[in-house]
Amino acid sequence: WGALKAGAGNMDLLVALGTSAAYGLSVFLMLRAGSGDMPHDVPHLYFESAAVVITLVMFGKWLEGRAKRETTAAIRALQVLMPATARIVEANVEREIGIGDIKIGDLMRVRPGERFAADGVLVNGHTHADESLITGESLPVNKTFGDTITGGSVNGDALVDVRVTVIGAESTVQRIVRMVEDAQAKKAPIQRLVDRVSAVFVPVVLVIALATLLGWGLTNGDWSHAVINAVAVLVIACPCALGLATPAAIMVGTGMAAKQGILIKDAPALEAAHNITIVAFDKTGTLTEGKPVLIAAKSFNSSRTEMLALAAAIQSGSEHPLAKAVLRAAGDEQVSFTPAENIRALPGRGASGTIDGDIVLLGSERLMRDEGIETQPLHERAAVFEQAGRTITWLARAGTIVGFFAFGDNVKPTARAAIDALKAMGIRTVLISGDNQSAADKIAKELGIEEVHAGVMPQKKAEVVQQLKINGNVVAMVGDGINDAPALAIADVGIAMSGGTDVAKETAGITLMRSDPALVAGAIDISKRTTAKIRQNLFWAFCYNVIGIPLAVAGLLSPVIAGAAMALSSVSVITNALLLRR
């Protein structure tokens, strides 16, 4: 009735019309037989057909609901991760509070074997955390001072104190749950096509059922038989399997992906990923560890200590990996410095600030060139490090070159295997980096990447991705930084690393909960398998209708058999989707 009022046809309309027609016909025949018009005839009644069809439909829906609950098991497992209470320390006094009462800035004490009740930063102690249900990483992760703690993970070794940084809906677990639920709720492009087909399908079935009724009734005059054949058409044609084919596969696919540490934000990203022909990688933090170390500091007219003091003063407070390397080296060598004034980040080029009235620049050769600062005296020495694949950062003060820093960054252990896995799938790999050509080439050669775009400014990364999309290529961009966000957005599929910035993760359609490039191939594989299941499901759903409707029109299918077949089609579609879990 709701569908009729809305002017839309759905499976419920077909079931309701079919069973009501069988029931109404039976009531009419029963009353007619009891009225004296047919005292010697015992009419064939179809009450049991209507009842069994409804029972089978209900049974199918129950099985479908049970299967759907199975598909969301990964989400439910995440939701029960958080403990009910937390132990808060105030003025060296511990007290237990409900998880809903935790505030940002609270100091949380966690004993070995307990779950961390909120996201935070480790401020006291050293332990290992089991994050397997969140990241899919089976091995415990080493946690020391300053490391990020994820709420819901298990404290392995020691008593530790954690400063709470995130609570409530913005916690890692709740964001994962929200992203997966959103992905399961959104319709994939192929589902919109199915919906359009269903919108035409229901009226066509009604016309076929009416034609069956009139054809049988007018041909042999047995209108009760004609009604039953028309009912069989309505019941067998129910497009429940058609409606379930896509969402069932997407629910299982996204649930299984989450279990493996792959968060798929929306169904279009899941569907698009199976067509990927090119994967473009950022370098730092994506294919490399993202934890560069200072290899050398070469000066033109200054000492190493003075260079480190200037660089640290400019980089104080910066989260950039190279800035952290400078600050770490300054700390190790006990170099004292005062943060510079008027510090400004120069995206893709470096940073600037004022020290004792002098403008100090720290950044790429492009920055020095733009500011008219001559680097020629140190070119030959810098070239030696560049050829060895090191990243060079130049330092200048008051318009004069001071020297340069050389940084080294190790390739992630799984990076080569990740590139090989993508090549085995027939996917081309590309490196897009803001680093110098020599450093980018060295990494590319080590990993087996053939195409390299080096020295690319942040705004230009998106242009490179756009160029890669020419000739119908489907491009995925893998990155982790703010500078990758435009490229992630313009790519057909954006893939962000969990260790990256929130901007990158919000822009991407897929987030990898471990900073492991091998998960890129895993995400594409899950997409291919899920899309294959969708196509299989649609094939079987149409198959039931293509075979069943002609049989029902020909009078070779009773409503009971039609109902059973319709229920079986739904169950088979759900069961096929659940095979993804294997």
Flag if over 12 foreign heavy atoms under 6.0 Å of [atom1], [X]:
X      : atom1 : answer
Ile359 : CD1   : no
Gln334 : CD    : no
Glu341 : CD    : no

Next item on the list: Check step by step if side chain to side chain contact (heavy atoms under 4.5 Å, CB included) holds for Arg514 and Leu519.
Entry: CA-CA 8 Å; Arg514 302 197 303 277; Leu519 288 180; 3.5 Å; yes

If I take atom [atom1] from residue [X] and atom [atom2] from residue [Y], how far apart are they, to the nearest 0.5 angstrom?
X      : Y      : atom1 : atom2 : answer
Leu122 : Lys143 : CG    : NZ    : 8.5 Å
Thr414 : Ile419 : OG1   : CD1   : 10.0 Å
Thr391 : Leu294 : OG1   : CG    : 11.5 Å
His453 : Lys461 : NE2   : NZ    : 12.0 Å
Ile264 : Leu512 : CD1   : CG    : 10.0 Å
Arg109 : Asp161 : CZ    : CG    : 4.0 Å

Check: [Y] main-chain N/O paired with [X] side-chain donor or acceptor under 3.5 Å:
X      : Y      : answer
Arg349 : Arg366 : no
Thr531 : Ser527 : yes
Arg95  : Ile88  : no
Lys412 : Ser515 : yes
Ser153 : Thr150 : yes

Margin query: Under the criterion side chain to side chain contact (heavy atoms under 4.5 Å, CB included), I'd like the reasoning laid out for Arg397 against Leu395: C-alpha separation, chi angles, the key distance, then a yes or no.
Written below: CA-CA 7 Å; Arg397 180 172 186 169; Leu395 178 67; over 6 Å; no

Close side-chain approach of [X] to [Y], heavy-atom, < 4.5 Å:
X      : Y      : result
Leu468 : Arg428 : yes
Val411 : Ile443 : yes
Ser364 : Leu367 : yes
Phe337 : Leu327 : yes
Leu287 : Ile449 : yes
Met497 : Asp282 : no
Ile167 : Asp106 : no
Ile343 : Ser316 : yes

Nearest heavy-atom neighbours spanning [X] and [Y]:
X      : Y      : answer
Ala406 : Ile392 : CB-CD1, 3.9 Å
Asp119 : Gly151 : OD1-N, 2.7 Å
Ala258 : Leu263 : CB-CD2, 4.2 Å
Ser433 : Ala440 : CB-CB, 4.4 Å
Leu322 : Pro292 : CD2-CG, 3.6 Å
His126 : Ala158 : O-CB, 3.5 Å

Notebook entry, point to check: Would you call Arg529 and Asp525 a salt bridge, using N to O less than 4.0 angstrom?
Noted result: yes

Next item on the list: For the pair Asp409 and Lys283, find out whether any cationic side-chain nitrogen is under 4.0 Å from an anionic carboxylate oxygen.
Entry: no

Checklist line | Step-by-step side chain to side chain contact (heavy atoms under 4.5 Å, CB included) determination, Leu362 to Thr393 | finding: CA-CA 7 Å; Leu362 182 68; Thr393 299; 3.6 Å; yes

Notebook entry, point to check: Which residues satisfy the side chain to side chain contact (heavy atoms under 4.5 Å, CB included) test with Glu365, sequence neighbours excluded?
Noted result: Arg369, Thr375, His379, Trp394

Margin query: What verdict does the side chain to side chain contact (heavy atoms under 4.5 Å, CB included) test give for Ile524 and Leu422, after you've listed the backbone C-alpha separation in whole Å, the side-chain angles of each residue and the deciding distance to 0.1 Å?
Written below: CA-CA 9 Å; Ile524 296 171; Leu422 290 170; 3.7 Å; yes

Margin query: Which label fits Phe407 and Phe405: parallel for a plane angle under 30°, tilted from 30 to 60°, or perpendicular past 60°?
Written below: tilted

